[in-house]
Amino acid sequence: MESIASRLEAIQEEIKAACIEAGRDPAGVRLIAVSKTKPASLVREAFDAGQIEFGESYVQEFLEKSEDPLLQNRPLKWHFIGHLQSNKIRSIIQKVSLIHGIDKLSTAEELSKRALQHQITIDYLLEVNTSGEASKYGMHPDEVLSSAEALFRLPNITLCGLMTIASPESTLAQQEFRQLRLLLEQLKQIAPDPSKLTELSMGMSGDFAEAIHEGATMIRVGTAIFGWR
Ligand SMILES: *Cc1c(COP(=O)(O)O)cnc(C)c1O
């Protein structure tokens, strides 16, 4: 089996190639290594190979991993990319650099309340259900726009952009990535401070090159780095 270091290197090359094709600067795409279900030892291996940002999806697993002795005193950054229930917010907010999966106004309100209590500011993304699949989390695009005013008013949290999980089928995925980019443009037009809306978190192991073509600023890659789950 290939080492994690060589897989990371290969992915960085693919990111560069996709950026060149799309006429983009590779510095504008951040790789989030999705380590859910994988042990801290593999996170450590990736970190030692130069990977800084990691994504986790399950609260309990994330809390245990982030406390693992193998990862102490290492300045890695955690992204919470899973579905986040209101009652779990309190346990993670001081440990994450960005929360990708906020999909309800009420969850954003709870996030704001907790951030205020801790006197911190939290960056977050709204998850959008661009495919319309009933099995997926995420706000309907119309709901994003209709909730925007209320979201922008919430103290101590900063909406930094949008996140989506695309359909497995690549033609559809491409349309969905484009839809997310256009939605972010619409959101900028009604935002009090559009300069904060910089992020499009989209693209996974199977479709990150397409996502980069459509403007992804963060790609979330698990399997291609850590192997099958
Ligand atoms: C698991 C997961 C990923 C990574 O998917 P891979 O196909 O393994 O790259 C990306 N985003 C989210 C939200 C995930 O839950």
Side-chain angles (χ1 to χ4, degrees), residues 1-2 4 6-15 18 29-40 42-43 45-46 49 51-66 76-85 88-89 92 96-104 107 111 123-139 144 160-170 172-174 176-177 179-181 183 199-229:
M1 199 177 89
E2 273 182 280
I4 285 178
S6 66
R7 288 178 182 179
L8 280 168
E9 206 179 298
I11 291 165
Q12 291 294 359
E13 285 307 312
E14 287 179 58
I15 293 172
V29 181
R30 282 150 71 187
L31 172 62
I32 317 293
V34 177
S35 50
K36 65 179 183 219
T37 79
K38 301 294 178 182
L42 294 188
V43 175
E45 200 177 321
Q51 178 64 31
I52 307 285
E53 300 189 272
F54 293 88
E56 287 284 336
S57 297
Y58 309 108
V59 170
Q60 196 53 40
E61 182 191 348
F62 162 59
L63 291 173
E64 284 168 21
K65 218 176 285 183
S66 68
L76 44 76
K77 282 192 180 166
W78 294 106
H79 290 244
F80 195 80
I81 63 169
H83 183 249
L84 189 56
Q85 291 167 299
K88 300 282 175 65
I89 287 174
I92 70 161
V96 290
S97 65
L98 181 65
I99 297 176
H100 293 231
I102 300 295
D103 69 348
K104 283 192 199 72
T107 316
L111 189 61
D123 290 341
Y124 76 105
L125 307 178
L126 287 177
E127 179 168 356
V128 184
N129 184 348
T130 48
S131 69
E133 284 172 56
S135 62
K136 283 196 177 138
Y137 290 113
M139 282 175 146
V144 172
C160 298
L162 304 173
M163 176 269 216
T164 199
I165 301 173
S167 300
E169 205 274 304
S170 80
L172 286 177
Q174 201 155 8
E176 290 156 13
F177 294 146
Q179 195 189 348
L180 198 72
R181 170 162 59 78
L183 185 60
E199 306 303 332
L200 284 171
S201 168
M202 56 189 197
M204 319 202 305
S205 292
D207 57 14
F208 67 81
E210 287 92 336
I212 288 172
H213 273 265
E214 292 300 334
T217 62
M218 294 177 177
I219 58 172
R220 310 176 308 266
V221 178
T223 312
I225 298 170
F226 296 109
W228 296 106
R229 291 181 292 271

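Just so you know, residue 1 is the first one in the sequence shown, and it goes up from there. What you see is a predicted model; the values in this text were computed from it and never measured. Below, each value reflects all heavy atoms present in this structure, side chains not excepted, and no hydrogens, waters or symmetry copies. In listed order, ligands and their atoms are each counted from 1.
Partners of Q51 under the side chain to side chain donor-acceptor pair (under 3.5 Å) rule, at least two apart in sequence or in another chain, do not exist in this structure.
Here the shortest heavy-atom pairing between S170 and E210 reads CB-OE2, 4.1 Å. When all heavy atoms are compared, the tightest approach of K38 to K65 is O-NZ, 2.6 Å. Closest approach of G203 and A211 over heavy atoms only: CA-CB, 3.5 Å.
Using a 30° and 60° split on the angle between ring planes, H83 and Y137 fall in the parallel class, below 30°.
The shortest distance between side-chain heavy atoms of E127 and L125 does not fall below 4.5 Å.
A heavy-atom cutoff of 4.0 Å around ligand 1 is satisfied by the protein residues V34, K36, S57, I81, M163, I165, M204, S205, R220, V221, G222, T223, R229.
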